[in-house]
Amino acid sequence: MPKVSQTTCSRKMQSGGAYSRNGGCMTGAKHTVLVVLLLSTVLDGPASAVEFDFSGSARGRLAIGTDEPELQSTELTLMPEVVSRFDNGWKLTSIGRLRTELVDGLRPGNLDRKTYGPASRPGLLRQEVEVELREFHLQGAWGETYLTLGKQQVVWGKADGLKVLDVVNPQSFREFILEDFDKSRIPLWTVNIERSVGNWDAQLIWIPDHTYHALPDRDATYAFSSPRLVPSAPPGVSVDIRSVDRPDRFLMDSDAGLRLSTFWKGWDISLNYLYQYDNFPVLFQRLDVRPTGPVVVIEPRFERTHVIGGTFSNAFGDWVVRGELGFFSDRFFRTNETADRDGITKSSELSGVLGLDWTGIEDTFLSAQLFQSWVTAPSAGLVRDELDTNLTFLVRRDFFNDTLRAEVLWIVNTNDGDGLIRPKIAYEWQDNLKTWVGADIFYGDRDGLFGQFGNNDRVILGVEWGY
Amino acid sequence: MKNDDTYLRISLIGALVLALAAVTTELRAGEWPTGDAIAQRINARDEGEAVSRSLTMEMIDRRDKVRVRETRGFRKYYGEEKRSVIFYLQPQNVKDTAFLTYDYPDAALDDDQWLYLPAMRKVRRISASDRGDYFLGTDFTYEDIKLETKVSLKNYSRKTIGEDEVDGHHCYVVEAVPIDENTAKELGYGRLEQCVDDAIWMVRRSKFWDIRGKPLKTIYSKDIRQVQGIWTQHRLEAENHKTGHRTIFSFSEVDYAQGVSDNLFTQNAIRRGL
């Protein structure tokens with residue numbers, strides 16, 4: 001067992017992953033021990049691999065910036081998947097991802113990988129070639145209890161395009177929110193236990209994986225610049241951004257959550273609770289006066305929060321109504337209040353989404369969503385508005401027995417008047433060959449969440465082959 | 001004058017023949033079971049309390065380009081309530097997609113339907129009025145899929161309009177018309193004719209017309225044979241006359257005896273997959 005741990009540690013070090021200050025290598029070893037123990041526990045006995053399913057996909061994508069014509073992305077991605085099925089009903093799913101940029105227009109090498117836990121951090125073969133174990137989990141029933149153990153995605157919530165309760169797993173913001181969530185969501189090492197209790201289904205999750213949002217560095221294509229999210233130094237003042245202080249105590253810094261869901265008189269209902277570190281680091285700041293002049297020192301730190309919420313959905317004729325509500329006990333927001341020394345104010349936050357889907361026309365799907373977020377105890381100087389509202393509209397139509405799909409997604413922030421428009425047409429040439437053309441068009445206030453990427457409008461061509 | 005007599009005789013004979021034909025038809029029609037009686041015989045046929053089976057879907061466009069999906073399906077009755085689930089196994093682009101339906105006997109209750117989309121990793125509620133939409137690129141609607149070998153008593157009024165033969169099997173032709181305009185719109189059908197094998201009370205051929213009265217599609221049930229004592233269709237062929245698109249469903253590994261776990265008919269199950 002120690003040998004396994006040592007090998008893992010050594011390999012990680014060689015792949016360029018910088019370990020955290022407080023024994024990150026040890027944390028990786030603990031994960032390895034945990035997985036091996038789980039595997040040996042579950043597979044102990046008569047179980048043996050009886051069947052392997054090999055599949056995967058190869059994807060090519062070309063993104064051409066339109067404001068300043070340039071290749072924004074020339075991405076090739078391979079995602080092999082192996083599912084091993086055992087004769088006791090358990091299965092082991094392994095999904096890898098090799099992603100390379102021929103032209104590094106996104107500057108993904110600038111992605112802050114220091115927010116990954118050592119056991120989840122992707123490796124870099126070269127600056128533009130990333131290799132990652134996306135998922136590796138064992139699934140099966142243990143009596144009346146269903147277990148999913150290992151690296152996985154846990155998705156909560158009913159919303160599309162934006163998130164309220166889908167916060168269990170962090171996300172890579174390499175391309176802001178333009179990547180499919182399935183691909184941008186960062187899988188975590190998780191113990192996921194599900195069991196029916198009366199008319200309710202209970203899901204208990206424990207996540208001893210200290211990985212958080214992966215954020216682009218300052219000069220990356222999709223680096224955040226909106227004052228809502230990041231501070232900017234006044235003229236003549238330099239900025240010193242310190243390395244992120246990532247929690248890394250195996251047990252004490254782990255996240256845990258519980259979801260109870262049921263189906264009651266036509267309603268899908270869930271109650272959710274999560275105790276986690278908010279996946280966004282809080283950018284605490286202070287002013288240093290040095291011989292060279294004043295310096296704003298930014299010290300990113302992760303903070304705990306309780307998330308309490310619920311979801312619902314039901315169908316009424318051609319309509320489906322769905323929604324989420326989430327209360328976040330401890331949120332940290334930027335403030336411009338001069339008396340505030342660290343530039344951060346704390347409040348709880350209530351977020352919700354109400355969505356309506358309509359399918360009254362054959363092969364056509366219309367959807368509208370209202371997202372609102374309310375800072376419940378705003379202090380003076382709060383940079384964002386106390387109440388923030390986003391709307392999304394989706395029109396989708398399938399043609400020719402679902403071989404051709406055309407859609408337009410429009411996301412608008414009503415506070416800043418900025419937004420994002422995403423038209424896309426995809427065609428399935430064969431069972432496993434699909435191509436698409438689309439565009440991502442940002443507009444509006446450059447200080448807004450979407451307007452900040454006003455120079456990043458792009459046209460996308462893509463091809464995907466499954467095997 | 002002679003011409004007039006001849007004309008009179010021909011007219012009389014013609015009238016007699018027509019009258020005889022009408023009487024014969026009436027007598028014959030009187031022998032046919034009513035449309036509702038046939039529908040009830042169809043729905044009374046033993047389908048087994050639960051079934052598991054593999055299903056290969058072939059979708060063929062007018063240029064003979066074929067797309068193939070491999071699935072595994074389960075169905076179980078809870079009293080008169082029927083629950084069914086389909087898991088997509090292949091190819092990669094639809095793998096892990098799953099569709100779950102609760103079908104209630106109460107006409108006032110809409111069915112409940114959920115679709116798991118692996119790209120979103122979410123179980124999505126589907127409106128039951130989508131039942132006239134085509135199921136994931138096939139020529140079968142959500143309603144067709146749900147009904148399997150049964151027919152809907154609550155959505156149609158029926159009458160028997162004749163007899164015919166399909167694949168050498170005698171059948172009654174039953175015309176079914178949606179009970180109202182709204183139901184017709186939801187189903188996407190203005191009328192259908194079903195040829196029902198009166199030896200085993202299974203539909204061997206269904207012809208569909210759209211809500212404007214134009215021919216829409218034809219579905220044939222083939223390779224019908226008994227599995228564990230239950231008559232089972234092993235091949236369904238659907239052809240859409242408007243688009244030229246065809247769909248072939250081939251069933252295999254049909255098992256009524258082994259039983260199906262209740263846990264399969266849950267949102268958690270379609271999210272986890274097989």
Side-chain angles (χ1 to χ4, degrees), chain A residues 53 55-57 79 81 85 91 93 139 141 144 146 148 153-160 166 180-183 185 194 196 201 203 261 263 266 268 313-322 357-360 362-365 398 400-403 428-434 464-467, chain B residues 59-62 65-70 89-96 102 104 109-114 117-139 141 182 185-186 188 240 243 245-247 261-263 266-269 271-274:
Chain A
D53 293 337
S55 61
S57 65
M79 288 193 72
E81 177 176 342
R85 296 179 189 280
K91 66 177 179 181
T93 302
Q139 268 190 320
E144 294 298 309
Y146 202 89
T148 307
Q153 297 188 30
V154 175
V155 182
W156 286 358
K158 301 283 181 187
D160 295 336
D166 183 8
D180 292 341
F181 285 154
D182 182 49
K183 295 182 174 62
R185 205 178 281 118
E194 295 171 276
S196 292
D201 291 322
Q203 179 190 40
S261 53
F263 177 62
D268 302 311
S313 66
N314 200 350
F316 302 94
D318 291 329
W319 298 88
V320 170
V321 59
R322 54 192 166 81
D357 304 332
W358 185 72
T359 48
E362 190 177 327
D363 295 327
T364 304
F365 178 78
D398 293 315
F400 312 129
N401 291 81
D402 292 4
T403 51
E428 193 179 296
W429 296 90
Q430 296 173 8
D431 270 331
N432 278 334
L433 181 64
K434 185 171 80 171
E464 183 167 329
W465 176 65
Y467 58 92
Chain B
M59 295 175 281
I60 307 153
D61 72 8
R62 64 170 72 202
K65 189 173 79 180
V66 183
R67 293 179 295 153
V68 182
R69 275 95 176 91
E70 301 290 346
L89 309 176
Q90 290 290 338
Q92 176 70 11
N93 61 340
V94 292
K95 185 183 163 195
D96 297 332
Y102 290 1
Y104 305 111
L109 277 180
D110 277 345
D111 300 341
D112 288 307
Q113 299 180 336
W114 299 265
L117 298 168
M120 297 178 68
R121 302 230 177 193
K122 282 181 183 170
V123 176
R124 191 158 202 128
R125 189 64 174 268
I126 301 291
S127 161
S129 63
D130 291 355
R131 54 191 181 152
D133 280 4
Y134 286 98
F135 180 76
L136 298 176
T138 70
D139 293 293
T141 64
N182 192 45
K185 276 185 186 168
E186 278 190 11
N240 187 311
T243 62
H245 193 272
R246 289 175 292 142
T247 301
S261 165
D262 294 341
N263 292 334
T266 63
Q267 294 180 54
N268 278 342
R271 183 170 43 79
R272 289 191 291 250
L274 289 179

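Sequence lines set the chain letters: A, B, ... in the order given, protein chains first and strands last, and positions in each chain run from 1.
Just one of B/Arg67, B/Gln90, B/Arg69 meets the side chain to side chain donor-acceptor pair (under 3.5 Å) condition when paired with A/Asp431; it is B/Arg69. Partner of A/Asn401 under the side-chain contact (heavy atoms from CB on, under 4.5 Å) criterion, out of B/Asn240, B/Asp139, B/Asp61: B/Asp139 alone.
With a threshold of 4.5 angstrom between heavy atoms, A/Asn314 approaches chain B through its backbone and through its side chain. With a 4.5 angstrom heavy-atom cutoff, B/Lys95 touches chain A only via side-chain atoms. For chain A, the nearby part of B/Tyr104 is the side chain; its heavy atoms alone come within less than 4.5 Å. For chain B, no part of A/Trp465 is nearby; none of its heavy atoms comes within less than 4.5 Å. Looking at A/Trp156, the atoms closer than 4.5 Å to chain B (heavy atoms on both sides) all sit in the backbone: N, CA, C or O. Residue contact with chain A, scored on non-hydrogen atoms closer than 4.5 Å, is absent for B/Val94. Contact annotation for B/Thr138: only backbone heavy atoms (N, CA, C, O) come within less than 4.5 Å of a heavy atom of chain A. Only the side chain of A/Gln139 comes within contact range of chain B, with heavy atoms under 4.5 Å apart.
Chain B forms the most heavy-atom pairs under 4.5 Å with one residue out of A/Glu81, A/Arg322, A/Lys91, A/Gln430, and that residue is A/Lys91. Counting heavy-atom pairs under 4.5 Å between each of A/Lys434, A/Glu464, A/Glu428 and chain B puts A/Glu428 at the top. Between chain B and the options A/Val320, A/Asp363, A/Asp53, A/Asp268, the largest number of non-hydrogen pairs under 4.5 Å is found for A/Asp268.
Between A/Lys158 and B/Arg124 the shortest side-chain heavy-atom distance does not fall below 4.5 Å. For the pair B/Thr266 and A/Phe263, the minimum side-chain heavy-atom distance is 4.5 Å or more. Looking only at side-chain heavy atoms (C-beta outward), B/Arg121 and A/Phe181 stay at 4.5 Å or farther from each other.
Counting only distance, with no hydrogens or angles, the side chain of B/Lys122 and the backbone of A/Asp160 share no donor-acceptor pair below 3.5 Å.
Looking at B/Arg271 and A/Glu194, a side-chain N of the basic residue comes within less than 4.0 Å of a carboxylate O on the acidic one, giving a salt bridge.
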Take A/Phe316 and B/Asp110, measure what side chain to side chain contact (heavy atoms under 4.5 Å, CB included) needs, and give me the verdict at the end.
CA-CA 8 Å; A/Phe316 302 94; B/Asp110 277 345; over 6 Å; no
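Atom CG of residue B/Leu117 and atom CG of residue A/Asp182 lie 11.0 Å apart, to the nearest 0.5 angstrom. Between atom CD of residue B/Gln267 and atom CG of residue A/Asp201 there is a gap of 8.5 Å, rounded to the nearest 0.5 Å. Note that OG of A/Ser55 and CG of B/Asn93 are 11.5 Å apart. Values are rounded to the nearest 0.5 Å.
The environment of NZ in A/Lys183 is crowded: more than 12 heavy-atom neighbours from other residues, nucleotides or ligands sit within 6.0 Å.
For the salt bridge (Lys or Arg N to Asp or Glu O under 4.0 Å) test, residues two or more places apart in sequence or in another chain that qualify with B/Arg246 are B/Asp64.
Shortest non-hydrogen contact noted between B/Ser127 and A/Ala315 is CA-CB, 4.0 Å. The two residues B/Arg272 and A/Tyr146 have their closest heavy-atom pair at CD-CE2, 2.8 Å.
Looking only at atom types and distance, the side chain of B/Gln92 has no donor-acceptor partner in the side chain of A/Ser57 under 3.5 Å away.
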